[in-house]
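Scroll down for the structure; my scribbles are underneath it.
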Amino acid sequence: MEQLIIGTLNVNQLGVPSGVTVENASNEIYKNLELLLAYVREFFFCYSNQKVLILHEMKYKSSSRITGGYKEFERVLNNEGYKILKNNVSSIQDTVSFITLAITKNKDVKLNSHSIFTHNKIARYVELKYKDYTLLGVHQSIDSEQKQKPLNLDVFRKTCKNKFVILGDLNVNLYKMGIKKKEDLSENEVQYYKLVNDNVIDVFGNSIIPTFAGGSRIDYILVSSDIVSAISEQRQDNSTRIGGKLFTDHSLLSITLNIE
């Protein structure tokens, strides 16, 4: 039996809020990339070949200076034996300047070339295959954000029947959902309800600990019911947002899967 440890973290556009000019932000971006490199190394410190880390809201292409910083980040990781898995950004027609990507040292973790989302040409998801497991890292947009529609997770659920993990920032606030009328639910909230009522398990479902600095839980790891028994550990690292290690306002979530 082997283990696969999968983590998800929204890096909050490298800590630079929208509207800040590149000239004012460049030094902060490079400093925060160094912090992120240190955190990646810490995450992979033990059992590095058995881990996958998915990052969301990674600042990428809003300017040549920011892109240059990202490329240096990628170059350093490649030199240290990591591989970065992301969609072909040259073909992406997303209106935003950040992407979702995966970092791993496991040569058997690959991009899923048969993803149902392949032709969406958006930057905020990465779909991976590991043996007969499917890992979908996703940052779901909200209606007011760049008018970008979220990925249709209901379609994914109907296509991928077994052994899957959906993880990321779903922009679903369970604390608020409980007091909303059904007709007032957002598209993301409706999708979440459909999933958890269709044998998809919210791994941290009983947790009331916020994953977001605003005091809400909007980051999730959802798994197909057939792999729940394979989860030997679940972890929430709040030091990324309140311990000074990073610049983000999100916690890291991770699970350990025991794989036959």
Side-chain angles (χ1 to χ4, degrees), residues 5-20 22 24-48 51-63 65-80 82-86 96-105 123-126 137-140 145 167-171 173 204 207 209-221 233-256:
I5 300 167
I6 314 157
T8 177
L9 176 65
N10 185 320
V11 300
N12 189 32
Q13 299 189 57
L14 296 174
V16 178
S18 58
V20 176
V22 175
N24 293 335
S26 289
N27 289 338
E28 186 174 357
I29 287 170
Y30 277 81
K31 178 187 73 175
N32 289 345
L33 279 168
E34 286 295 328
L35 289 173
L36 185 56
L37 275 171
Y39 190 78
V40 169
R41 292 173 182 133
E42 179 182 325
F43 179 85
F44 283 93
F45 181 69
C46 295
Y47 309 107
S48 59
K51 294 182 177 179
V52 179
L53 177 59
I54 297 177
L55 302 179
H56 312 275
E57 276 199 47
M58 187 68 175
K59 203 80 173 170
Y60 183 74
K61 62 174 185 174
S62 60
S63 79
R65 293 175 74 181
I66 292 175
T67 302
Y70 168 77
K71 288 183 176 178
E72 176 64 12
F73 173 83
E74 188 172 287
R75 184 192 68 78
V76 170
L77 288 179
N78 284 334
N79 286 344
E80 294 180 6
Y82 299 90
K83 64 179 182 179
I84 295 179
L85 302 170
K86 62 182 186 294
V96 297
S97 60
F98 46 84
I99 62 175
T100 288
L101 57 88
I103 302 171
T104 188
K105 285 190 172 183
R124 286 183 272 178
Y125 84 96
V126 61
V138 59
H139 172 215
Q140 290 287 58
E145 184 180 346
L167 64 168
D169 177 358
L170 301 187
N171 270 307
N173 186 343
F204 293 82
S207 174
I209 300 173
T211 65
F212 180 61
S216 57
R217 184 162 79 94
I218 60 175
D219 304 274
Y220 298 87
I221 298 181
E233 184 180 10
Q234 60 195 61
R235 174 173 166 259
Q236 178 171 333
D237 181 5
N238 296 318
S239 71
T240 55
R241 63 181 171 89
I242 59 177
K245 284 185 180 179
L246 284 178
F247 40 81
T248 183
D249 48 8
H250 289 257
S251 300
L252 174 132
L253 301 180
S254 66
I255 58 171
T256 300

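Predicted model only: the values in this text are computed from it and were never measured.
Using modelled atom types, one side-chain atom of Asn32 and one backbone atom of Leu14 make a donor-acceptor pair closer than 3.5 Å. Proximity of a side-chain donor or acceptor of Ser207 to a complementary backbone N or O of Ile209 within less than 3.5 Å is detected.
Residues Leu252 and Tyr39 have side chains in contact (heavy-atom distance under 4.5 Å, counting atoms from C-beta outward). Here the side chains of Leu9 and Met58 are not in contact, with every heavy-atom distance at 4.5 Å or above. Between Arg124 and Phe98, some side-chain heavy-atom pair lies under the 4.5 Å cut-off. Counting only heavy atoms from C-beta outward, the side chains of Leu246 and Arg241 never approach each other to under 4.5 Å. Contact check for Arg41 versus Val76: side-chain heavy atoms found under the 4.5 Å cut-off.
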Practice problem: Under the side-chain contact (heavy atoms from CB on, under 4.5 Å) rule, what do Leu36 and Leu55 come out as? Steps first, then yes or no, please. | Solution: CA-CA 10 Å; Leu36 185 56; Leu55 302 179; 4.0 Å; yes
Self-check item: Audit row: Ile54, Val126, side-chain contact (heavy atoms from CB on, under 4.5 Å) steps and yes/no
Solution: CA-CA 8 Å; Ile54 297 177; Val126 61; 4.1 Å; yes
Practice problem: Given side-chain contact (heavy atoms from CB on, under 4.5 Å), test Ile99 with His139 step by step and report yes or no. | Solution: CA-CA 9 Å; Ile99 62 175; His139 172 215; over 6 Å; no
Quiz prompt | Test log, rule side-chain contact (heavy atoms from CB on, under 4.5 Å), inputs Thr100 and Val138 | solution = CA-CA 7 Å; Thr100 288; Val138 59; over 6 Å; no
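For the atom pair Thr256 OG1 and Glu233 CD, the distance stands at 4.5 Å (nearest 0.5 Å). Asn78 contributes atom CG, which lies 10.0 Å from atom CD1 of Ile103 (distance to the nearest 0.5 angstrom). Going from atom CD1 of Ile6 over to atom CG of Leu167 covers 6.5 Å, rounded to the nearest 0.5 Å.
Tested against Thr240 for a side chain to side chain contact (heavy atoms under 4.5 Å, CB included), the candidates Ile242, Asn238, Asp237 yield a single pass: Asp237.
Of all non-hydrogen atoms in Arg235 and Phe204, the two that sit nearest each other are O-CZ, 3.4 Å. What you find for Val52 and Ala102 is that their closest heavy atoms are CG1-CB, 4.3 Å. Nearest heavy-atom pair, Gln236 versus Pro210, reported as atom, atom and distance to 0.1 Å: NE2-O, 2.8 Å. Looking at every heavy atom in both residues, Val11 comes nearest to Phe247 through O-CE1, 3.1 Å. Between Phe45 and Lys51, the closest heavy-atom pair is N-NZ, 4.4 Å. Shown here for Thr211 and Asp219, the closest heavy-atom pair between the two residues is OG1-OD2, 2.7 Å.
With respect to the salt-bridge test (charged N to carboxylate O, under 4.0 angstrom), the residues Glu74 and Lys71 do not qualify.
Looking at His56 and Asp169, their side chains never bring a donor and an acceptor atom within 3.5 Å of each other. A donor-acceptor pair shorter than 3.5 Å can be found between the side chains of Glu57 and Asn10.
Between Tyr82 and Phe44, the ring planes are perpendicular. Angles over 60° get that label, and only those under 30° would be called parallel.
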